[in-house]
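Here's the structure we're looking at; comments come further down.
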Number of protein chains: 2
Amino acid sequence: MTPIRIAVVDVGGTVASDDDNKQRMTTIDEIARLAGVSPATVSKVLNNRPYVSDLTRARIERVIAETGFVPSQRARGLSQRRSYILGLLIPYTSDELFADPHLLEIMRGIEAETNCHEYNLLLSTSRAALDAVSACLRMLRSDVIDGAIMVETLDILPYTDALSTQAAPWVMIGYPRQGDVRAVHADDYGGALLATRHLINLGHRHIAVITSTPRPFALEERLRGVRDALATSGLPLDERLLLTGDFSIESGERAGAQLLALPEPPSAVFALNDRMALGVIRSALAHGKRVPEDLSVVGFDDIALASLLNPALTTVRQPGFAMGQAAARGFFALLDGQPFAVPTVIPTELIVRGTSGKA
Amino acid sequence: MTPIRIAVVDVGGTVASDDDNKQRMTTIDEIARLAGVSPATVSKVLNNRPYVSDLTRARIERVIAETGFVPSQRARGLSQRRSYILGLLIPYTSDELFADPHLLEIMRGIEAETNCHEYNLLLSTSRAALDAVSACLRMLRSDVIDGAIMVETLDILPYTDALSTQAAPWVMIGYPRQGDVRAVHADDYGGALLATRHLINLGHRHIAVITSTPRPFALEERLRGVRDALATSGLPLDERLLLTGDFSIESGERAGAQLLALPEPPSAVFALNDRMALGVIRSALAHGKRVPEDLSVVGFDDIALASLLNPALTTVRQPGFAMGQAAARGFFALLDGQPFAVPTVIPTELIVRGTSGKA
DNA sequence: TATCGCTCGGAAAGCGCTTGCTTAATGTTG
DNA sequence: CAACATTAAGCAAGCGCTTTCCGAGCGATA
């Protein structure tokens, strides 16, 4: 039964070879024919349903194995209303995503959990933040995915409503700023509290903070932690020592340079993410300052790089993997109609290394 | 026609609410009804086909906009035989993938290109390498994806045949060790040649090399480059200075320690990837050696971290982004029935920084 | 006026699976 | 032995789109 290759030459000049008719070689009907049963029975075998005799089942399974038949997910999805695909919505450009080790850790956690559930991960990034969310909405509506996990953005609020009207389950990684949104986030407040106290305990009184603008809610929480820790020690945050960056190393470098140029430079800097902390260290070194002797630096995230530097970075560990995993677990629970019973606040932890020292 | 919400309480105690019937709210038939036309006409509008009057088209478009209707990709895929999903097969565990900046760069390149083509990226990692490939085969057969890009592994050979029998296009990132496999890879040989010559020119005569085992073909090529460069200078590779790691920083550290314990330690080390090079540097520092004064170190890949260290790493830049992008471009060309006309060998480049110095 | 070529719109047959319902053949009970 | 339950298998109607084909309408051409 070797297929004969025929190249049909059209008058117009286009050539239609059998490359074009990408039809499935085997369908469930073909299997049914080969096994001498009806497609319905084959379907029962494929889905491990009862009411098929052992004999028939064995025969069908043999045919399936021999032909290497795999049922079409498209067709199956159409009648089962499931695609077995989980959408991962990252409302950043791919550049931003891949430059952010913390996001990648979250993604790793989700991917690991997805692997355990016979689900596939569809990655969706975007150019503009809003585009991504509406793209996700389109995906949900268009049945491409069975649900989504999305990373919180500043501009997500107008969309959470729309998302919530969808029947498909979805989970946010971030803060539930609204009603019944399922969300998982780190204990940003607690982490910042610990880090700030750490610096205070080391005798620092001039503590600079580098945040970002506009601030995602997580950074808002970290800043609140800083303020509370300082206030408890009677040290209000000096607003001149509150600078903003954009999460990148370069922005940390700029902020560092700015701080060192101050008439009364701080003795410690708490950068609200690790990459900016690295930038601060670079600028300090460039200005001939020693870390931590002349300047203590603390970061937030604990990216892999933090422990590789010399001296290694003191930072607040934010377990991205666990966050991603928890979000994915929650998602699958919702998908199975079960309650969203996962830890929604993931603890953070202060990791004291080499970049923080006595004032 | 408001649906009436009925909660049916089963004797068994389970509650079936209308949460369960996740049916689409809007279908093409609904739109057709609202616009007073047939579904066929709506389909023409959705697919931007001719033979619909401007008036009718406008009316249908208005209804679509008002209802926020998005056609079901499942159904569309079934009849169009397209899923608009590209499978990315990474035959590594997610741990390995996310620990490898070079792989992530490749992924970024693919993702960037995918975004330009209205395609979605389905990520597929695995536990065992072979599993991944057969999983990919299943995906192709099951119509989940329209084709795939996969990263070469050692064990891929037995599968390339199977993949090639599939009608769906696929592209490999790695070396085409066989017939008509479409592949994209870096100029590993040339890069290694340059790096080795660089060390020789600096006066090094005792050059150690850290490879991995088992060796992917790319590393085979790099090693060949090293051998040729050394041979040209009449310096055969001292096999005692050829160590193996597993790509990780830790393995580089172990290899470094081993080299430094040698009676005649090398004056330079060429690690065939950056992470192992970083490990060598760490172990050198731990042994009280200075880099590059006491030991020159050169890596391969040019991961982001390489330029951040102090001193920054001398390395061979392997443009992962460009490789991923080229592979994806080739893939889309094949998908459109066009020839695979992309550069298949991506040039590498020696980046001289601070970790290599005079012998 | 008869013929042609074109546009516009719809009927209906898929795409490849699942599933509710039906029927026939068993086994089980009083 | 009649009445019933249970198993085994199949028919056929979907799932929500696309697409081929067909016919109606209409102006242009002969």
Side-chain angles (χ1 to χ4, degrees), chain A residues 20-61 63-64 67 69-84 138-144 146 167, chain B residues 20-61 63-64 67 69-84 138-144 146 167:
Chain A
D20 293 5
N21 64 1
K22 289 180 190 167
Q23 60 193 2
R24 289 181 60 79
M25 0 204 48
T26 334
T27 68
I28 203 175
D29 294 82
E30 178 73 0
I31 301 297
R33 204 179 52 72
L34 290 174
V37 294
S38 79
T41 308
V42 177
S43 175
K44 283 178 191 163
V45 171
L46 285 173
N47 294 286
N48 227 349
R49 289 222 151 62
Y51 303 132
V52 180
S53 71
D54 290 351
L55 205 70
T56 311
R57 188 178 294 269
R59 187 153 35 95
I60 294 174
E61 276 168 350
V63 174
I64 291 176
T67 53
F69 169 72
V70 179
S72 159
Q73 281 297 342
R74 280 177 203 154
R76 174 177 280 201
L78 188 56
S79 53
Q80 285 193 157
R81 291 136 186 256
R82 269 219 182 186
S83 60
Y84 298 94
R138 275 188 76 82
M139 283 184 131
L140 282 175
R141 280 211 223 286
S142 72
D143 298 337
V144 173
D146 290 343
Chain B
D20 294 4
N21 66 357
K22 290 179 190 168
Q23 60 192 4
R24 289 180 61 79
M25 3 204 45
T26 333
T27 68
I28 202 176
D29 294 82
E30 179 74 1
I31 302 297
R33 202 179 54 73
L34 290 175
V37 294
S38 79
T41 308
V42 178
S43 177
K44 282 179 191 163
V45 172
L46 285 173
N47 294 285
N48 226 351
R49 291 223 148 64
Y51 302 132
V52 178
S53 70
D54 290 349
L55 205 70
T56 312
R57 190 178 294 270
R59 186 154 34 97
I60 294 175
E61 275 169 350
V63 173
I64 290 175
T67 55
F69 169 72
V70 179
S72 160
Q73 281 298 342
R74 280 177 202 154
R76 174 176 278 200
L78 188 56
S79 54
Q80 285 194 157
R81 289 139 187 259
R82 270 220 181 185
S83 59
Y84 299 94
R138 275 189 75 82
M139 284 183 127
L140 282 176
R141 279 211 223 286
S142 71
D143 298 337
V144 173
D146 290 343

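At whole-Å resolution of the value, CZ in B/Arg76 and C1' in D/dG16 are 11 Å apart. Between the CG atom of A/Leu55 and the P atom of D/dA9 there is a distance of 8 Å, given to the nearest Å. To the nearest angstrom, P of D/dG16 lies 17 Å from CG of B/Asn47. What separates CG of B/Asp29 from P of C/dA12 is a distance of 14 Å, to the nearest Å. Rounded to an integer number of Å, the gap from OH of A/Tyr51 to P of D/dA9 is 13 Å. To the nearest angstrom, C1' of C/dG9 lies 15 Å from CG of B/Leu46. Straight-line distance from the NZ atom of A/Lys44 to the P atom of D/dA8: 9 Å, rounded to whole Å.
Checking side-chain atoms of B/Arg82 against main-chain N and O of B/Gly77 turns up no donor-acceptor pair under 3.5 Å. Side-chain atoms of A/Arg74 come within 3.5 Å of backbone atoms of B/Asp143 as a donor-acceptor pair (strictly under, hydrogens ignored).
Between A/Thr41 and D/dG10 there is a side-chain polar atom (N or O) within less than 4.0 angstrom of OP1 or OP2. OP1 or OP2 of D/dT19 has at least one side-chain nitrogen or oxygen of B/Arg49 nearer than 4.0 Å. For A/Ser38, a side-chain nitrogen or oxygen approaches OP1 or OP2 of D/dG10 to under 4.0 Å.
Contacts of B/Ser53 with the nucleic acid, taken as non-hydrogen atoms under 4.0 Å apart, involve only primed sugar atoms and P, OP1 or OP2.
For the atom pair A/Arg76 CZ and A/Gln73 CD, the distance stands at 5.5 Å (nearest 0.5 Å).
Looking at the side chain of B/Gln80, the nearest of the listed nucleotides D/dT19, C/dC15, D/dC15 is D/dT19.
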